[in-house]
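Report on one structure; see the data block that follows.
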Amino acid sequence: MAVAVDSAQQHAVLVRDTVVVAAGGITQVAEAMQRLEQAVDDPPRWVWWKATDIRPLREAGVWLRRSWDVREAHRLIAGGLHAEPDLIWAIAHGLDPTTRPARRTGDLFDLDDDDPAPVRSDGYLAPAALDPEWLRGEDRLCTWARLALEAAALQQGLLQARPHGLPTAAAESGAALLCVELEQHGLPIDRRRMEQLIEAAAGPRPLTDADAATSRAARDASVLQRAPGFERTDLRNPAEVKRMLHGVGVRVDDTRAHHLEPYRRTHPVVDALLDWRKAERIATTYGWSWLERHVGADDRLRGSWTACDGGAGRMTAGAGLHSLPTPMRDAVAAAPGHLLVRADLGQVEPRVLAVVSGDQGLARATIADDLYAEVAQQLSVDRQTAKIAVLAAMYGQTTGPAAGALERMERSYPAAMQFLRDAAASGERGSAVTTYGGRLIPVSPATEPAAQRAQGRFTRNAVVQGAAAELFKAWALTARDALHPLDGLIVLCLHDELLVHVPRAHADAAAHAVHEALQAAAHHWSEGAPVRFVADIRIIERWSQAKD
DNA sequence: GATTTCACGTA
DNA sequence: CGTACGTGAAATCC
């Protein structure tokens with residue numbers, strides 16, 4: 001069943017095969033969809049070009065479980081982020097995408113007849129059909145929906161040939177719909193607390209540009225007054241900062257925070273500078289203008305979401321949702337009458353590696369709550385060394401304290417290490433890799449040896465990071481369904497962490513549902529592999545209460 | 001004015 | 001010379 005929406009005209013259609021199941025206003029079609037969704041135990045698989053198309057229907061309250069998102073399926077098939085309908089169409093039909101007709105440019109050469117066919121005689125999608133103007137009217141909307149059905153059917157054929165391709169496409173489609181919901185609901189914010197935090201770092205809310213300049217100068221002064229003779233240093237210019245530090249006797253080549261940290265006690269200006277950097281980050285990226293732009297009158301922080309990035313396939317978020325400084329998480333708080341359920345996966349990447357590589361020894365280690373402690377025992381090293389070695393294997397690190405432990409890893413976990421070596425070798429020679437779930441990860445050819453090694457590290461990591469993203473999405477979507485009857489909504493996805501907003505009365509049930517969802521999703525996703533996944537799940541009022 | 005580089009927040 | 005992303009300011013390139 002395909003859905004197409006003309007958001008400008010607030011019009012939508014539902015099409016099955018050649019039958020127009022429903023057509024009309026958003027509200028009317030939304031009701032028809034909800035009836036179809038609830039009528040049977042086995043709900044329809046809704047097909048659309050992209051999830052954002054159906055935002056008006058979602059805003060009308062429709063709750064859908066299964067979908068086939070043609071754009072997300074394409075991203076699995078072809079890799080990367082580029083996914084315009086003409087490209088999707090060409091790939092689905094096995095046509096050479098490089099010879100598809102040029103996009104319309106809006107100039108005099110766009111002379112098409114009044115009723116251009118959306119598909120050309122050579123099989124490519126007609127450029128005219130990509131124009132939003134083309135989509136006016138119910139007939140065109142139905143045609144567009146049927147094209148989505150055709151593309152989806154061909155994509156299913158392509159993905160059937162990849163192990164796990166179909167369930168992954170379903171999960172990616174669901175993730176894209178979840179992204180629409182994340183954008184819609186937003187992250188609940190305690191505005192007064194957020195204002196306190198911003199004021200502490202950036203000064204009071206400026207009413208004029210002069211106010212902003214005064215706050216900025218005051219911040220700078222806290223550093224500059226500790227650097228006699230260098231009061232005119234531009235703290236935002238790394239070269240000048242280096243000159244200032246040299247001037248006061250701090251000999252560093254690199255002024256980045258992690259490099260400067262050991263010198264905090266060496267000279268007060270270093271201490272002041274590092275504090276300044278934290279405050280400056282909040283003042284510039286998470287300051288008053290950020291609050292104004294991204295936190296709505298309903299005290300919800302909203303950013304744009306994508307179901308996958310252009311690399312391994314993790315979710316991305318805008319408006320700083322994925323990089324909110326830890327102190328500011330104190331202002332992420334449940335709305336009145338609600339609570340947050342925070343759940344984060346423990347040591348997810350090595351556990352995922354155990355599944356995707358089929359390494360029996362590593363699988364045995366996942367039985368422990370603390371996988372690194374188990375690996376440490378196996379390798380006869382301390383826990384910290386074991387942790388560094390495991391991460392180094394997945395990231396492609398070759399130097400540092402892990403070097404010796406990596407050799408022991410080869411003996412204890414040969415399948416996992418071979419899996420990673422194969423992935424790296426593929427990237428180094430410029431060959432694409434495919435994730436456990438079937439996502440193609442293209443690699444651009446490189447000739448420089450250093451660039452080739454970098455590609456190897458990228459693919460080595462991508463097969464783990466990408467598979468972890470696939471497991472995460474399967475978990476999130478299973479949880480989404482289970483939370484729906486509890487009025488619980490997922491409000492944040494952060495790679496291995498879920499934040500759920502739920503009425504107080506249902507918080508215990510929601511926490512339980514999130515736990516059960518992980519067990520069910522992991523079992524399905526791994527096809528019953530003997531690998532254990534664990535999550536730390538807590539009921540909290542503020543995001544900051546989560547970490548130990 | 002648009003693009004690139006650096007730095008730094010998160011996982 | 002360990003991966004990825006998004007963001008903003010300054011530098012750089014037209």
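By convention in this document, chain letters (A, B, ...) are assigned in the order of the sequence lines, proteins followed by strands, and residues within each chain are numbered from 1.
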Reading 5' to 3' through nucleotides 3-8 of chain C, protein heavy-atom contacts under 4.0 Å coded B for base, S for sugar-phosphate only, - for none: BBSSBS

Residues in contact with DNA chain C, drawn from residues 186-208 of chain A - heavy-atom cutoff 4.0 Å: none

Gap between atoms CG and P, on A/L420 and C/dG2 respectively (whole Å): 16 Å

Sugar-phosphate only, base, or nothing, as touched by A/L324 at under 4.0 Å among non-hydrogen atoms: sugar-phosphate

Results of side-chain hydrogen bond (donor to acceptor under 3.5 Å, both in side chains) for A/E374 - residues two or more places apart only: none

Under 3.5 Å, which donor-acceptor pairs link side chains of residues 385-396 of chain A to any protein atom two or more places apart or in another chain?
from, atom 1, to, atom 2, distance (Å)
A/T385, OG1, A/D382, OD1, 2.8
A/T385, OG1, A/D382, OD2, 3.3

Pairwise P distance, B/dT5 and C/dC1 [rounded to whole Å]: 15 Å

Flag if over 12 foreign heavy atoms under 6.0 Å of CD, A/Q225: yes

A/L291 side, atom CG; A/L301 side, atom CG - distance, nearest 0.5 Å: 9.0 Å

Quick one: side chains of residues 317-327 of chain A, donor-acceptor pairs under 3.5 Å with protein atoms, not counting sequence neighbours, listed by atom name and distance.
from, atom 1, to, atom 2, distance (Å)
A/H322, NE2, A/C493, O, 2.6
A/S323, OG, A/Y286, OH, 3.0

Nearest-Å distance for atom pair CG/C1', residues A/L273 and B/dA7: 12 Å

Geometric class of the A/Y263/A/H259 ring pair [parallel <30°, tilted 30-60°, perpendicular >60°]: tilted

Heavy-atom side-chain proximity of A/T435 to A/Q465 below 4.5 angstrom: no

Show the atom names and distances, to 0.1 Å, of all donor-acceptor pairs under 3.5 Å that link a side chain in residues 196-204 of chain A to residues at least two apart or in another chain.
from, atom 1, to, atom 2, distance (Å)
A/Q196, OE1, A/R193, NH1, 2.8

Sequence-distant partners of A/T447, side-chain hydrogen bond (donor to acceptor under 3.5 Å, both in side chains), two or more places apart: none

A/V223 vs A/V269 side-chain heavy atoms within contact, under 4.5 Å: yes

Short side-chain N/O contact from A/K278 to OP1 or OP2 of B/dG9, under 4.0 Å: yes

Which residues share a side-chain hydrogen bond (donor to acceptor under 3.5 Å, both in side chains) with A/S431, sequence neighbours left out: A/R429

When you compare the protein's N or O atoms with those of nucleotides 11-13 of chain C, which come within less than 3.5 Å of each other, and at what distance?
from, atom 1, to, atom 2, distance (Å)
C/dA11, OP1, A/N237, ND2, 2.8

Value in whole Å for how far the P atom of C/dC1 lies from NE2 of A/H258: 13 Å

Sugar-phosphate, base or nothing in reach of A/R277, heavy atoms under 4.0 Å: sugar-phosphate

Residues forming a side-chain contact (heavy atoms from CB on, under 4.5 Å) with A/E292, sequence neighbours excluded: A/R205

Protein and nucleotides 1-6 of chain B: nitrogen or oxygen contacts under 3.5 angstrom:
none

Any residue meeting side-chain hydrogen bond (donor to acceptor under 3.5 Å, both in side chains) with A/R55, in chain and number order, not counting sequence neighbours: A/E183

